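Following this message is one structure expressed as structure tokens.
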Amino acid sequence: MRIAILSDIHGNVPALEAVLADAREQGAEQLICLGDLAFMGSQPGECVARIRDLGIPCIHGNTDLFLLEAAGITPNRPLSLPKGALDGMMPTLRWQVERMARADLEFLAALPFSHRMKVDGQTLLFVHASPHDVMAGIRPTMSPDEIRPLLRGEEADWIIVGHVHEPYVFRFEGRWLANPGAVGAPRDGDSRASYAILDTARSSFAVRRVAYDWEAAVAAARERGFFMDPDRYGTYLAQGTWPDK
């Protein structure tokens, strides 16, 4: 099976649509989304609605839970955060919540923590950051002693994560760890949208980079008066100039 894996869309509709089109061209038989659908972009509701309408397996990311916290909605699996942890983000979170339909927020609230499949004799585990924590990401530069506690005995043949916005695939103690990168907010020096196709028949994980209409994303942000501090959060539009406030 050819599975297209998307993660970290972050409210970037042009990037999402470009990735979906490329996945179709690549003959993907299944789409799976690893969360962080809306926060940090100017089109949060549109991204959630698009994923919802596709009817594909989708799990929640940490920022999906942040949005629910700002909306006062209890998610399927609440996130425990220190008091005041989201105070600095709250203006942006509320701005985005105000531009999301109730159906969008209810969709986020119902998303599970993980998705598991067995295909071609292989067990696939999809989570946002790591198998037991939606906030603790895995990076290939981490030492085995740093990675091992995050897996905590998980023995799936493939553990596929997002969260860190950097694509990779590597072998670790008898299993594959892989990340498709970020659709809407890459942080690996390549500003094109990133996703991956897992071919279970060949046990291959191919990262795809897709150019998208970043000018349309900038125009949408300007039209809506959307602004985030790029020094704190990074821009999801590295190809262009972040719109002025």
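We number each residue from 1, following the sequence as shown. All of these numbers come straight from a predicted model, not from anything done at the bench.
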In one Ile/Leu/Val/Met/Phe/Trp/Tyr side-chain cluster, 4.5 Å: Leu111, Leu81: yes
CD on Gln96 to NE2 on His10, rounded to 0.5 Å: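 Here the rounded value is 10.0 Å.
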Non-hydrogen atoms of Phe113 and His132 that approach each other most closely: CZ-C, 3.7 Å
Step-by-step side chain to side chain contact (heavy atoms under 4.5 Å, CB included) determination, Val161 to Leu177: CA-CA 8 Å; Val161 302; Leu177 302 182; over 6 Å; no
Aromatic ring proximity, centroids under 6.0 angstrom, Trp95 and Phe226: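 Yes, close enough.
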Rounded distance [0.5 Å steps], CZ in Arg208 versus CZ in Arg192: 9.5 Å
Rounded distance (nearest 0.5 Å) linking atom CD1 of Ile56 with atom NE2 of His115: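 Result: 10.0 Å between the selected atoms.
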Arg139/Glu166 salt bridge by N-O under 4.0 Å criterion: yes
Over all atoms of both residues, closest heavy-atom pair of Ser191 and Pro186: O-CG, 3.8 Å
Min side-chain heavy-atom separation Leu79-Val134 under 4.5 Å: yes
Chi angles and distances behind the side chain to side chain contact (heavy atoms under 4.5 Å, CB included) call for Leu124, Arg116: CA-CA 6 Å; Leu124 319 177; Arg116 193 181 293 266; over 6 Å; no
Common cluster, Ile147/Trp176, ILVMFWY with side-chain heavy-atom separation under 4.5 Å: no
Shortest non-hydrogen contact between Leu150 and Ala136, atoms and distance: CD2-CB, 3.7 Å
CA sep, side-chain torsions, deciding dist, call: Arg50, Glu17, salt bridge (charged side-chain N to carboxylate O under 4.0 Å, His left out): CA-CA 9 Å; Arg50 186 72 168 100; Glu17 292 297 346; 2.6 Å; yes
Gap between atom CZ of Arg77 and atom CG of Leu65 - 0.5 Å precision: 9.5 Å
Side chain proximity check, Glu154 to Leu125, heavy atoms < 4.5 angstrom: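 The answer is yes; the side chains approach within 4.5 Å.
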Smallest separation among heavy atoms of Trp158 and Ala178, with atom names: CZ3-CB, 4.2 Å
Any donor-acceptor pair under 3.5 Å from Thr123 side chain to Glu155 backbone: no
Glu106 vs Asp104 side-chain heavy atoms within contact, under 4.5 Å: no
Whether Asp157 side chain and Arg175 backbone form a donor-acceptor pair below 3.5 Å: no
In one Ile/Leu/Val/Met/Phe/Trp/Tyr side-chain cluster, 4.5 Å: Val169, Ile3: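 Result: yes, single cluster for both.
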Gln43 and Arg99, any side-chain heavy atoms less than 4.5 Å apart: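 SC-SC contact between Arg99 and Gln43 ruled out.
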Any Ser7 side-chain heavy atom under 4.5 Å of His128 side chain: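 Yes. Closest side-chain heavy atoms under 4.5 Å.
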Short side-chain donor-acceptor distance under 3.5 Å, His163 and Asn62: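 Distance-only check passes for Asn62 and His163.
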Sidechain-backbone polar pair: Asp64 side chain, Gly61 backbone, donor-acceptor under 3.5 Å: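 Looks like yes, one N/O pair under 3.5 Å.
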Closest heavy-atom pair and its distance - Ala28, Ala4: CB-CB, 3.7 Å
Salt bridge Glu69-Arg94, side-chain N to carboxylate O under 4.0 Å: no
Single-linkage hydrophobic cluster, 4.5 Å side-chain cutoff, Val48 and Leu34 together: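 Each belongs to a different hydrophobic cluster.
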Backbone N/O of Thr200 and side chain of Gln122: donor-acceptor pair under 3.5 Å: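 Judged by distance alone, yes, a pair lies under 3.5 Å.
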Stepwise side chain to side chain donor-acceptor pair (under 3.5 Å) check, Tyr168 with Asp188: CA-CA 10 Å; Tyr168 59 75; Asp188 63 340; over 6 Å; no
Euclidean distance, Ile9 CD1 relative to Ile51 CD1, rounded to 0.5 Å: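 Interatomic distance, Ile51 CD1 to Ile9 CD1, rounded to 0.5 Å: 4.0 Å.
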Side chain proximity check, Pro14 to Asn12, heavy atoms < 4.5 angstrom: yes
Backbone of Ala182 reached by a side-chain donor or acceptor of His165 within 3.5 Å: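 Not at all, since once roles are kept as given, no pair shorter than 3.5 Å links the two residues.
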Intermediate values then yes/no, salt bridge (charged side-chain N to carboxylate O under 4.0 Å, His left out), Asp199 and Arg2: CA-CA 4 Å; Asp199 188 329; Arg2 290 173 61 78; 3.6 Å; yes
Neighbour count >12 (heavy atoms, 6.0 Å) for atom CZ, Arg171: yes
Heavy-atom side-chain proximity of Phe126 to Pro57 below 4.5 angstrom: no
Leu86 side, atom CG; Thr63 side, atom OG1 - distance, nearest 0.5 Å: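 Atom-to-atom, Leu86:CG and Thr63:OG1 are 10.5 Å apart.
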hydrophobic_cluster_shared for Val127 and Leu31, side chain cutoff 4.5 Å: yes
CA sep, side-chain torsions, deciding dist, call: Val207, Ser194, side chain to side chain contact (heavy atoms under 4.5 Å, CB included): CA-CA 7 Å; Val207 174; Ser194 180; 3.7 Å; yes
Test log, rule side chain to side chain contact (heavy atoms under 4.5 Å, CB included), inputs Ile138 and Leu151: CA-CA 9 Å; Ile138 297 172; Leu151 304 184; 3.9 Å; yes
Within-4.5 Å side-chain heavy-atom neighbours: Ile159 and Pro131: yes
Donor on one side chain, acceptor on other, Asp22 and Tyr195, under 3.5 Å: yes
Heavy-atom pair with the smallest gap, counting every atom of Asn179 and Phe205: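 Answer, listing the atom of Asn179 first, then Phe205: O-CE2, 3.6 Å.
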Ser130 side-chain N/O to Gly137 backbone N/O, donor-acceptor pair under 3.5 Å: no
